[in-house]
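Below is one structure, written out as structure tokens; the observations come after it.
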2 protein chains.
Amino acid sequence: MTRSRSKYDSGCPVAYALDIFGDRWSLLVIRDMAVKGARTYGELLAGWEGISTNILAQRLKQLEQAGIITKQKDPDSGRSFVYELTQKGRDLAPVLIEIALWSGRYNPDPDAMTGFLDKITADRTGTEARMRAGERP
Amino acid sequence: MTRSRSKYDSGCPVAYALDIFGDRWSLLVIRDMAVKGARTYGELLAGWEGISTNILAQRLKQLEQAGIITKQKDPDSGRSFVYELTQKGRDLAPVLIEIALWSGRYNPDPDAMTGFLDKITADRTGTEARMRAGERP
DNA sequence: CTGGATCCCAATAGATACTG
DNA sequence: CAGTATCTATTGGGATCCAG
């Protein structure tokens, strides 16, 4: 955390959250881990949008410092690292779900939602997974 | 929409949404309108974090183009403008709520949530306002 | 080969000063 | 009040380099 944390911290809960993932890429990284099950640097690099290497490395560091993810050596092979969501990170699933539901209502692309909610809810407790997906106006 | 729309559009619903409000300020502007009832440029400028004038102008333009807000001349006085959330914009309330709930669980500042949920849910239909706020671990 | 650091350079975001 | 202009800082893409 070289800088900028708390620069915008007004005490508002939304500002607190945006301080952590309020940028172009952080939430996409979290999504790749929560929805696609991405666990390595390489898998994340190959994400749907194509993040570049320096940005990915920087975001992983920030997310780790914020307690959203952990980084460990691969237990099996010793080579390579494994990133995983913490509870704090997994608890962002409802946020991702609400965003996806909102997009489902307003994104003109009818294929965009395909498979998304199934996957993200699959590893969740289900507490807040009241799916009212097909509400396109 | 001069540029950048769809630059990141991978078809993912989260990417679609982040294309619209996935930056440092857009969601804070929406929050100021949804929670604080801010309706004019001046009210938004005086927000909790202090956005600068050019950024505010730019974001208002983008949000209007995205159909999140509308801009009209003040009906009473003719001078000044009034910005208002559209239905599409008001439908982002669940996203704001989930973000606030998440912050409520993890933001160490105990005062941060004060009054937030009351205000944001006040002008909503209540459909998805299942408040399970006090879950701080 | 995987994970990541680094450098270059283009493009964006942002603070401040100023204007209709 | 509601912005625009200008100038600086930060982000991001792409290539390359390097360590385990």
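The basis for the numbers below is simple: all heavy atoms, side chains too, and nothing from hydrogens, waters or symmetry mates. Here is how names work: the chains are called A, B, and so on, in the same order as the sequence lines, proteins then strands, and each is numbered from 1.
Across the protein-nucleic acid pair, B:Asp74 atom CG and D:dC1 atom P stand 13 Å apart, rounded to whole Å. C:dC1 atom C1' lies 15 Å from atom CD of A:Glu43, rounded to whole Å. In this structure, A:Tyr41 atom OH and C:dT2 atom P are separated by 13 Å, rounded to whole Å. B:Gln58 has its CD atom 15 Å from the C1' atom of D:dT6, to the nearest Å. In this structure, CG of A:Leu60 is placed 17 Å from P of C:dT2, rounded to the nearest angstrom. The distance from atom CD of A:Glu64 to atom P of C:dG3 is 15 Å, rounded to the nearest whole Å. Nucleotide C:dA13 holds its C1' atom 16 Å from the CD atom of B:Glu49, rounded to whole Å. C:dA11 atom P lies 18 Å from atom CZ of A:Arg24, rounded to whole Å.
A cation-pi arrangement, defined by a distance under 6.0 Å to the six-membered ring centre and an angle within 45 degrees of its axis, is present between B:Lys71 and B:Phe81.
Of the candidates C:dA17, C:dA5, D:dG12, C:dA5 carries the atom nearest the A:Thr53 side chain, counting heavy atoms from C-beta on. The side chain of A:Trp25 has D:dG12 as its nearest neighbour among D:dG12, D:dT6, C:dA17. Listed nucleotides: C:dT2, C:dT16, C:dG4. Nearest to the side chain of B:Asn54: C:dT16. Relative to the side chain of A:Lys71, the nucleotides C:dA17, C:dG4, D:dA2 differ in distance, and C:dG4 lies closest. When distances are taken from the side chain of A:Ile55 to each of C:dA5, D:dG12, D:dA5, the shortest belongs to D:dG12. Checked against D:dA2, D:dG12, C:dG3, the side chain of B:Ser80 finds its nearest nucleotide in D:dA2. Distances were taken from every side-chain heavy atom of A:Arg59 (C-beta onward) to each of D:dG3, C:dG4, D:dT11; the shortest belongs to D:dT11.
With A:Tyr83 contributing its side chain and A:Leu44 its backbone, the two residues share no donor-acceptor pair below 3.5 Å. Within the 3.5 Å criterion, the main-chain N or O of B:Lys88 finds a donor-acceptor partner in the side chain of A:Trp102. Looking at A:Glu43, its side chain does come within 3.5 Å of a backbone N or O of A:Thr40 through a donor-acceptor pair. The backbone N or O of B:Gly67 sits less than 3.5 Å from a side-chain atom of B:Thr86, completing a donor-acceptor pair.
Salt-bridge check for B:Arg24 with B:Glu49: failed, with every basic side-chain N at 4.0 Å or more from each acidic carboxylate O. Classification of A:Arg39 and A:Asp32 as a salt-bridged pair fails, no side-chain N sitting under 4.0 Å from a carboxylate O.
The residue A:Asp23 sits apart from the nucleic acid: no heavy atom pair falls under 4.0 Å.
For the helix from C:dC1-D:dG20 to C:dG20-D:dC1, the angle separating the two terminal helix axes comes to 30°, with each axis derived from five pairs and the value rounded to 10°.
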Polar atom pairs (N or O), protein with nucleotides 18-20 of chain D, under 3.5 Å:
none

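A donor and an acceptor atom, one from each side chain of B:Gln58 and B:Asn54, are nowhere located under 3.5 Å apart.
Side chains of A:Leu96 and B:Val14 form a contact here, defined as non-hydrogen atoms less than 4.5 Å apart. A:Ile55 is listed as a side-chain neighbour of A:Ser52, based on a closest heavy-atom distance under 4.5 Å.
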